[in-house]
Structures are given as C-alpha cells and as structure tokens.
Number of protein chains: 2
Amino acid sequence: MDKLRGMGLKLTPQRIAIMQYLEGNTGHPAADDIYKALVQQYPTMSMATVYNTLEVLKNRGHLRELTVDPQKKRFDPNVQPHNHLICVACKKIVDVHSAIKVLFPPEEQGGFEIVGHHIEFYGRCASCKKN
Amino acid sequence: MDKLRGMGLKLTPQRIAIMQYLEGNTGHPAADDIYKALVQQYPTMSMATVYNTLEVLKNRGHLRELTVDPQKKRFDPNVQPHNHLICVACKKIVDVHSAIKVLFPPEEQGGFEIVGHHIEFYGRCASCKKN
DNA sequence: ATTAATGCAAACACTTTGCAATGGA
DNA sequence: TCCATTGCAAAGTGTTTGCATTAAT
C-alpha cells in the first residue's frame, strides 16, 4: 500500500482506493470496472483519475496491462509471470498459477532475443460446460 | 480467392481487393492499414466496407482476429494454429511457424475444457538488437 | 509554499450502425 | 429483378489530454 510513497508521488484518497481495489484482485478489471466499483464511495472519482493512476502503477511495475480483451484494456495487479485461461463462452479470465513449460527451440526464434512470454488458453469454464 | 462464393455472398471488387491484400500477408494489418493500402487503387473504398468484409471473413473462419495490440485489432489471414513473436521495441509481430510444445498438467486447468491456446513471445528483434 | 493530482469537458482513436443508393447474382 | 453490399455520415465505445482547481507534502 505504500508502493506509491517516495519519488514525489502523492498518496491521495482516490489512489489509495484504487490500489486497495486492485490489491489481490484476480478479476482482471477494466478501467470502468474500477470506476464503477469506487464512484459510490468516492463520488468525485473520475475516469481521468482512474486512468492516471493505472498509468502510474503500470509505469512503476505494479500493474500489468493485458491485451486479451478486444474491447478494452484489462489490468492485472499480479505482476509475476503467469498465464491465463479465457472462457470462450462467458469471457471470464482466470489466472494460471502453475508454471508451464514451453519448449521453443532457439533456432526457431527468428533472431529474436526473447525476454518473456504469455500464454492464453481458450476453453470453456466449468460452469459454462454445464449449461 | 473463391472462398466467398456460395451461400449468397457477392464477390465485389472491394472484397476481391481486400482478400488479395490479405492473402499470404504476414504483417498482421489493422483495418486502417488495409484501407490505406487500397484506397488509392479503389477510391470509393470505405472503412465500413473494410470492417464489413473483415467480419464476413472472420465469421467464415478465413481470418483470425488478434488481440496482441492494445490500440487496435489486427488480423491474421493464417488461420492455422500458430504463435507470435512481438518486438517490444518496434512492435513488429512475426509468425512463429514451429510447433511449440506446451506442458500444462490437466489437474491445473481449473476445470476448463481447453480448446486451444496462443503464445505471445516478447523480445527484441534482430534489427532492434543492433541499434 | 510548492507542485503533483484531481476532475470536468473536450478531443481523440477505433469500431459499429442506419440507411439510401448501388450493383452482383 | 432481387437482395446483398457499398459508403457516407452519425453514433458508440474506450482512452487521452488541457487546464483551472484542489490538496498532499
């Protein structure tokens, strides 16, 4: 929670609320999810502040921007390398905690110097399988 | 090129041009890349027609919509399962042709029935490494 | 006191839609 | 002829920006 302290950053009530909302949140919220969740309690909350804070957190490495949703950016407070399961029916995005081995022969890497990777698994979640 | 024939679909000059532009294109163009490339030769080409045609091709399984770019949708005429290398410097997206083994223990799959996956490799391409 | 952050409104970028006109089949 | 498609313009959705005000340090 004191991730924002230091370097001239100010700890405003809005930022604290956004950080608390994100802390441990595994729902991969978009900016407007955050706004809607907090505007009741903080009536002056604005989208500009949400985006501003997300940008700050992202730049400081406390937040990862996901590109899994074609409609909008989603944010993941878990910055440890991990992968995602995406339900093709209900669009739910679930973290994959297990470390998955990826065997990618270096001679196939097209001259790239690879620094990381991200796997999207597509499927049907347990509750969508039942319907 | 006669992928569109049948089922009441009409083969208009605009659609033919878009399909020809996409055929074998490995640059993962966005809608406006396609529009800009074709509007010179087809002055009446419109974004609506580009989006319309992309939608038709996507629904018929001749095109894949990529979610790798946070700014806009990109399209890939290669619908065979494959992965992508993304240069973190120049944002270039390159196909990975080799089949990559992914070891994902079923007991870790959170009850999902997995139907496919897509890997984004992040790195620096050969020419960006040199700068 | 200083200066970063807020939040409104406006601008922006990308995508979708309504609908009259067009033109393949 | 018939009806899918075109293409303009307008609207919709998500994101960013300008700037005067506010408030954390």
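Here is the naming used below: chain letters follow the sequence lines, and residue numbers restart at 1 for every chain.
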| OP1 or OP2 of D:dT16 sitting under 4.0 Å from any side-chain N/O of A:Lys73? | yes
| query | How close or far is atom C1' of D:dT15 from atom CD of A:Glu65, stated in whole angstroms? | reply | 11 Å
| Are B:Tyr51 and C:dT15 close enough that a side-chain N or O sits under 4.0 Å from OP1 or OP2? | yes
| said: I need the minimum non-hydrogen distance between B:Tyr35 and B:Met47, along with the two atoms involved. | reply: CB-SD, 3.4 Å
| said: What is the separation between atom CD on B:Glu55 and atom C1' on D:dT5, rounded to the nearest whole Å? | reply: 14 Å
| query | For the base of C:dT3, is there a side-chain donor-acceptor partner from A:Lys10 under 3.5 Å away? | reply | yes
| said: Does either side chain, that of A:His28 or that of A:Asp95, offer a donor lying less than 3.5 Å from an acceptor on the other one? | reply: yes
| For the pair made of CG in A:Asp33 and C1' in D:dG14, what is the distance, rounded to whole Å? | 12 Å
| query | Is any side-chain nitrogen or oxygen of A:Thr12 closer than 4.0 Å to OP1 or OP2 of C:dT6? | reply | yes
| request: Establish, with yes or no, whether the OP1 or OP2 oxygen of D:dG7 is under 4.0 angstrom from a side-chain nitrogen or oxygen of B:Asn52. | output: no
| A:Thr44 side-chain proximity, nearest of D:dT5, D:dG7, C:dG7 | C:dG7
| How close or far is atom C1' of D:dA23 from atom CD1 of A:Ile16, stated in whole angstroms? | 13 Å
| task | State, with a plain yes or no, whether a side-chain heavy atom of A:Asp76 is found less than 4.5 Å away from one of A:Thr26. | result | no
| remark: Picking from D:dG7, C:dT6, D:dT15, the nucleotide nearest the side-chain atoms of A:Lys72 would be D:dT15
| message | How many whole angstroms separate atom CG of B:Leu9 from atom C1' of D:dT5? | response | 10 Å
| field | Rounded distance (Å) that lies between atom C1' of C:dT15 and atom CG of A:Asp69 | value | 14 Å
| note | Exactly one of B:Val50, B:Asn52, B:Leu57 clears side chain to side chain contact (heavy atoms under 4.5 Å, CB included) with B:Arg15, and that residue is B:Asn52
| remark: Separation of C:dA13 atom P from B:Tyr35 atom OH, nearest Å, is 16 Å
| Whole-Å distance separating the CD atom of A:Gln14 from the P atom of D:dT22 | 14 Å
| task | For B:Met47 and for A:Thr49, locate the closest nucleotide of DNA chain C by heavy-atom distance; then report the residue assigned to the nucleotide nearer the 5' terminus. | result | A:Thr49
| query | At under 4.0 Å between heavy atoms, what does A:Pro13 touch on the DNA or RNA strands: base, sugar-phosphate, or nothing? | reply | sugar-phosphate
| said: Taking B:Lys58 first and then B:Glu65, would you say they form a salt bridge - that is, a charged N and a carboxylate O separated by under 4.0 Å? | reply: yes
| query | Closer to the 5' end of DNA chain D via nearest nucleotide, is it A:Ala48 or A:Asp32? | reply | A:Asp32
